[in-house]
Structures are given as structure tokens and as C-alpha cells.
Amino acid sequence: MHPDPTQDEATIRAARAHSNRSIARRNLLGVGDSLAEDFVAVIGDGSFVPSRAEYLKLFKQGFDAPKTSLSYERVTDTVQVSASKPLAAEQGHWIATDAHGNVAYTGTYMAMWEHNSDGWKIRSELYVTLAGH
């Protein structure tokens with residue numbers, strides 16, 4: 001579908017890095033940059049997040065309470081770009097740390113990226129908590 005899957009992978013990895021930096025800086029607009037308008041997610045505790053707005057609301061709640069909320073980093077392990085559809089699969093692991101920098105939770109994730117007129121955007125994410133208190 002895309003003539004240069006290596007470039008697509010680099011673009012997706014760069015968008016994820018931007019999202020991570022935005023979380024670290026508590027920049028809600030930056031977190032939203034990579035999310036498709038019809039984004040949905042299942043977060044680490046199994047809760048379904050039905051919309052982009054609801055997902056960003058969860059981040060805003062955390063950003064508004066920096067002393068008690070967790071910060072998240074997603075580490076991309078692989079990106080596979082579809083040869084037949086404007087889609088890509090990102091797999092990786094995530095780390096949640098508390099305000100003191102202590103690891104609270106870790107797990108794995110999968111993201112479906114979709115290429116549209118706005119470029120590569122995350123259509124859906126699935127997070128699974130594998131360790132933590």
C-alpha cells in the first residue's frame with residue numbers, strides 16, 4: 001500500500017516518542033496528536049475507553065494531580081506495516097511510574113495505526129498489566 005514501509009515505521013516510532021514526551025510534560029494536546037478521531041482503547045485494568053475524548057480526559061485527570069498520578073511510557077518493540085491496507089501494528093511494553101519515579105506497573109501493549117489524510121494515527125490500543133501492586 002505504501003511505497004516505503006521503512007519510512008512509515010520511522011514515522012510511527014517518532015509519533016510514539018512524541019506522545020511519550022507529551023505525557024512526561026503533561027501536554028494534553030501532544031498526547032492527542034497521534035490519536036485518530038474514532039480512537040478506542042482497553043487500558044491496563046481491562047476498562048474499555050470508548051472515545052478519544054474519554055481517553056484524553058483520563059490523562060487530564062492525571063496531569064491535574066501530579067503528586068498522586070502515574071506517568072506512562074510506551075516502549076515500541078516492533079512495528080509491522082501492512083502490505084495490503086493502510087494499517088500498521090505496533091507492539092511493545094509500557095511502564096507506569098509514580099511521582100517519585102518508582103515503577104508502579106508494567107505490561108505489554110498493542111496499537112493499531114491507520115494511515116489517512118492526517119497521516120498515521122492510532123485507531124485503537126490494548127494494554128495489559130502484567131506486574132505491579
Side-chain angles (χ1 to χ4, degrees):
M1 181 91 197
H2 293 268
D4 189 354
T6 303
Q7 181 57 49
D8 290 331
E9 178 180 346
T11 300
I12 288 168
R13 286 178 178 272
R16 179 61 75 189
H18 172 72
S19 178
N20 282 330
R21 284 190 305 274
S22 296
I23 291 170
R25 294 175 182 151
R26 296 196 288 277
N27 174 351
L28 198 60
L29 289 175
V31 174
D33 282 346
S34 62
L35 304 178
E37 288 302 316
D38 57 352
F39 173 85
V40 297
V42 176
I43 57 176
D45 67 0
S47 299
F48 178 63
V49 183
S51 68
R52 181 181 189 274
E54 191 65 29
Y55 190 73
L56 291 174
K57 180 180 169 187
L58 293 173
F59 272 103
K60 183 175 183 336
Q61 289 169 350
F63 293 167
D64 289 347
K67 292 183 178 169
T68 57
S69 67
L70 299 176
S71 185
Y72 298 89
E73 180 181 7
R74 288 74 43 89
V75 180
T76 305
D77 294 326
T78 63
V79 175
Q80 296 170 286
V81 179
S82 173
S84 60
K85 302 240 183 238
L87 300 172
E90 174 192 6
Q91 295 173 295
H93 58 282
W94 59 269
I95 303 152
T97 53
D98 65 20
H100 304 290
N102 300 310
V103 173
Y105 300 97
T106 60
T108 62
Y109 74 93
M110 172 88 178
M112 175 192 282
W113 290 77
E114 185 173 46
H115 192 272
N116 59 34
S117 60
D118 295 326
W120 283 103
K121 299 292 179 184
I122 302 169
R123 173 65 185 84
S124 60
E125 290 180 322
L126 170 64
Y127 290 89
V128 180
T129 301
L130 296 176
H133 59 253

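Keep in mind it's a predicted model, so treat the numbers as computed, not measured. Note that the numbering runs from 1 along the sequence shown for the chain.
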With sequence neighbours left out, write down each residue that passes ring-ring contact (aromatic ring centres under 6.0 Å, His included) with Phe59, or none if nothing qualifies. Tyr55, Phe63
So which atom in Trp113 and which in Ala15 form the shortest heavy-atom distance, rounded to 0.1 Å? CH2-CB, 3.6 Å
Parallel, tilted or perpendicular: ring planes of Trp94 versus Tyr72, cut at 30 and 60 degrees: tilted
More than 12 non-hydrogen atoms from neighbouring residues, nucleotides or ligands closer than 6.0 Å to CZ on Arg25, yes or no? no
Test of understanding: with side-chain hydrogen bond (donor to acceptor under 3.5 Å, both in side chains), list the residues that count as partners of Arg26, not counting sequence neighbours. none
Same cluster (ILVMFWY, side-chain, under 4.5 Å), Tyr127 and Val31: yes
Looking only at atom types and distance, does a side-chain atom of Ser69 sit under 3.5 Å from a main-chain N or O of Gly62, one as donor and one as acceptor? yes
Can you see which heavy atom on Asn27 is nearest to which on Gly30, and at what distance? OD1-N, 2.9 Å
Is atom CE of Met112 surrounded by more than 12 heavy atoms (other residues, nucleotides or ligands) closer than 6.0 Å? no
Could you grab the distance from atom CG of Leu35 to atom NZ of Lys121, nearest 0.5 Å is fine? 8.0 Å
Just verifying a value: how many Å separate Arg21 CZ and Glu73 CD, rounded to the nearest 0.5 Å? 11.0 Å
Would you kindly confirm whether Val49 and Leu126 end up in one hydrophobic cluster when ILVMFWY residues are joined by side chain heavy atoms under 4.5 Å apart? no
Distance-minimising heavy-atom pair for Pro66 and Ala99: O-CB, 3.5 Å
Heavy-atom side-chain contact between Val40 and Arg123 under 4.5 Å: yes
Looking at side-chain heavy atoms only, is the closest gap between Tyr109 and Thr76 below 4.5 Å? yes
Residue that, paired with His93, satisfies side chain to side chain donor-acceptor pair (under 3.5 Å) out of Thr108, Asp77, Thr106: Asp77
Measure from the side-chain N and O atoms of Arg16 to the backbone N and O of Arg74, and report whether any donor-acceptor pair falls under 3.5 Å. no
Shortest non-hydrogen separation from Glu125 to Ala111 and the atoms involved: CG-CB, 3.9 Å
Look up atom CZ in Arg52 and atom CG in Leu56, then write down how far apart they are to the nearest 0.5 Å. 5.0 Å
Is Val42 reachable from Phe39 through a run of hydrophobic residues whose side-chain heavy atoms are each under 4.5 Å from the next? no
Sub-4.5 Å side-chain heavy-atom contact between Gln80 and Gln91: yes
Going by distance alone, is a donor N or O of one side chain under 3.5 Å from an acceptor N or O of the other, for Asp33 and His18? yes
Side-chain heavy-atom pair Asp98, Leu70 within 4.5 angstrom cut-off: yes
So do the side chains of Ile43 and Leu58 get within less than 4.5 Å of each other, counting heavy atoms only? yes
